[in-house]
Amino acid sequence: MNISISGMGVITCLGNTTEQIWDALSHNKSGIQEVDLYDVSEARSKMAGQIKEPYSKDGYNRMKEFSKIAIYNAIQDAGLTKKEINENKSILVIGTSLGHMFQNDSKAVMLDDYVPEVLKELDLKIPYISVSTACSSGTDAISMGADFLEFNEFEIVICGGVDVLDIYKTMGHSSLQTLAPSQCIPFSHMEHGTTLGEGAAFIVLQDKKHMTHDKYGIQLIGRSNTTDTISVTNPDINGTGAIRLIQQTCGETGIESIGYINAHGSGTDTNDKMESNVYKQAFCNTKPCISSTKGAFGHTLGATGAIEAVVVILSLLYKEAPPNVGCEIPSKEWDGENLVLNQSKKYTGNGISVTYGFGGTNAALLFQGDKCL
Ligand SMILES: CC(C)(COP(=O)(O)OP(=O)(O)OC[C@H]1O[C@@H](n2cnc3c(N)ncnc32)[C@H](O)[C@@H]1OP(=O)(O)O)[C@@H](O)C(=O)NCCC(=O)NCCSC(=O)CC(=O)O
């Protein structure tokens, strides 16, 4: 089966359309600013990829609003009517890390309790399933969506990730000492650490032979996940599970087909060292372009894999690997690697999005496409 991308919808600190985010990314722009959503005076970092007004400050409503915008835009982009979605076998697969879970101390909050309202307000009468695998959630949601399509369970799959900023995530990462005091610049020789962000991205997957018009000509040709579980917070510095992940994702296509890697690039010392070890070993004969887009969006946790999947799709359409926003001088581990610095680079071949999460969850999506925008 040819798993095709028929539509995409996004909301991020760089904009609410794929055109806006590509324009900002390709001009090396970052959407990271000082947080005004809650009090960050006690936090190690005051900065985040916050989506500014006019959205609700309440986590539940914020999750709902971001999901609704990205899902609605993905459906519109796919040219599907609500009737078509409701009358075919359709499903929503929604990934998040902790979403709005810690927003109300007084009662237990379900991770996906807002989703029925999203569907109702969009007038969609379809089932949904939620996925939470830390920072790989958005990637795993797309992977699971592709499984539903491939095994003929569903015909129209809307899948992606959403996450919101909140004081609990900020203070959690602050006490773990993972936050960069100023701003995350993955793979840079400068200070290390991540910067949080928020947003949502959804894509519509369909079997190419059921589509009347394949406007993007992009296919999801590989997907996989592996688990290390060597530590709750530390990645396996040798990257054994991550290397296996890339090999499994590429399968018979072969890793030499990859022209661009959208890395996890969380900006922390341990993650960035682990990733350089992984790509050095996995791509010893080829040197694909590598960049992380977290310097632009911040680390959007459960949404990051879905947003980065959209970035890879756009990179295939524009035939350019986007910059590693803010990175002028890489750290020495990247000597000899084809790291994209602060300017986009032309590339040919397939694009892969790789995400790693706490608990050792690793996930990847491999896309192919020949059309040009
Ligand atoms: C969290 C770490 C800084 C911990 O490193 P070390 O163990 O070497 O450092 P350390 O012992 O000084 O720990 C720093 C502080 O965090 C606390 N700490 C560490 N691990 C903890 C845990 N499992 N639970 C609670 N607290 C913990 C320590 O007590 C200490 O606080 P105190 O000093 O107060 O005692 C590091 O593992 C790291 O950078 N991890 C992130 C790597 C990364 O970016 N991975 C990408 C995928 S994960 C991702 O993208 C995010 C996600 O999935 O959500």
Side-chain angles (χ1 to χ4, degrees), residues 32 42-45 48-49 95-102 111 131-141 161-181 183-188 190-199 225-243 245-246 261-279 290-309 324 327 331 333 353-364:
I32 294 172
E42 300 290 317
R44 190 175 154 89
S45 167
T96 193
S97 69
L98 295 170
H100 59 298
M101 262 190 97
F102 295 116
L111 210 47
V131 179
S132 183
T133 51
C135 295
S136 300
S137 305
T139 314
D140 282 329
V162 53
D163 226 320
V164 291
L165 283 167
D166 67 29
I167 184 75
Y168 301 92
K169 289 174 192 143
T170 298
M171 294 316 290
H173 275 273
S174 194
S175 38
L176 281 175
Q177 298 161 30
T178 44
L179 294 183
Q183 177 161 349
C184 147
I185 308 179
F187 312 138
S188 154
M190 310 247 292
E191 68 172 32
H192 294 276
T194 201
T195 299
L196 299 183
E198 62 182 353
N225 49 33
T226 60
T227 311
D228 303 320
T229 51
I230 63 144
S231 146
V232 176
T233 53
N234 261 318
D236 171 8
I237 202 75
N238 300 316
T240 313
I243 294 171
L245 169 82
I246 291 167
I261 304 170
N262 186 291
H264 187 65
S266 56
T268 62
D269 202 25
T270 41
N271 176 85
D272 292 5
K273 280 202 174 103
M274 178 274 287
E275 279 199 281
S276 75
N277 286 340
V278 168
Y279 305 136
I290 304 171
S291 69
S292 160
T293 37
K294 287 192 174 59
F297 300 113
H299 187 347
T300 60
L301 305 171
T304 204
I307 293 173
E308 289 160 16
N324 198 64
C327 185
S331 61
E333 293 104 57
S353 163
V354 188
T355 55
Y356 309 110
F358 279 159
T361 59
N362 312 310

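Keep in mind the model is a prediction, meaning the values are calculated, not measured. Computed over heavy atoms, backbone and side chain alike; hydrogens, waters and symmetry mates excluded. First listed ligand is number 1; within each ligand, the first listed atom is number 1.
- Heavy-atom minimum distance, Asp163 versus Glu198: O-CB, 3.4 Å.
- Smallest separation of non-hydrogen atoms from Leu165 and Ala48: CD1-CB, 3.7 Å.
- No side-chain heavy atom of Val278 sits less than 4.5 Å from a side-chain heavy atom of His264.
- Across all non-hydrogen atoms, the minimal contact from Gly357 to Ser136 is N-OG, 3.6 Å.
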Under a 3.5 Å threshold, I'd like every N/O contact between ligand 1 and protein atoms, with atom names and distance.
from     : atom 1 : to     : atom 2 : distance (Å)
ligand 1 : 20 (N) : Thr233 : OG1    : 3.4
ligand 1 : 33 (O) : Gln177 : NE2    : 3.2
ligand 1 : 37 (O) : Thr233 : O      : 3.3
ligand 1 : 37 (O) : Asn234 : OD1    : 2.8
ligand 1 : 39 (O) : Thr270 : OG1    : 3.2
ligand 1 : 40 (N) : Thr233 : O      : 3.0
ligand 1 : 44 (O) : Ser266 : OG     : 2.8
ligand 1 : 44 (O) : Thr268 : OG1    : 2.7
ligand 1 : 50 (O) : His264 : NE2    : 2.9
ligand 1 : 50 (O) : His299 : NE2    : 2.7
ligand 1 : 53 (O) : Cys135 : N      : 3.4
ligand 1 : 53 (O) : Phe358 : N      : 2.8

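- Between the side chain of Asn324 and the main chain of Pro186, a donor-acceptor pair closer than 3.5 Å is present.
- Judged as a side-chain hydrogen bond (donor to acceptor under 3.5 Å, both in side chains), and not counting sequence neighbours, Ser45 has no contacts.
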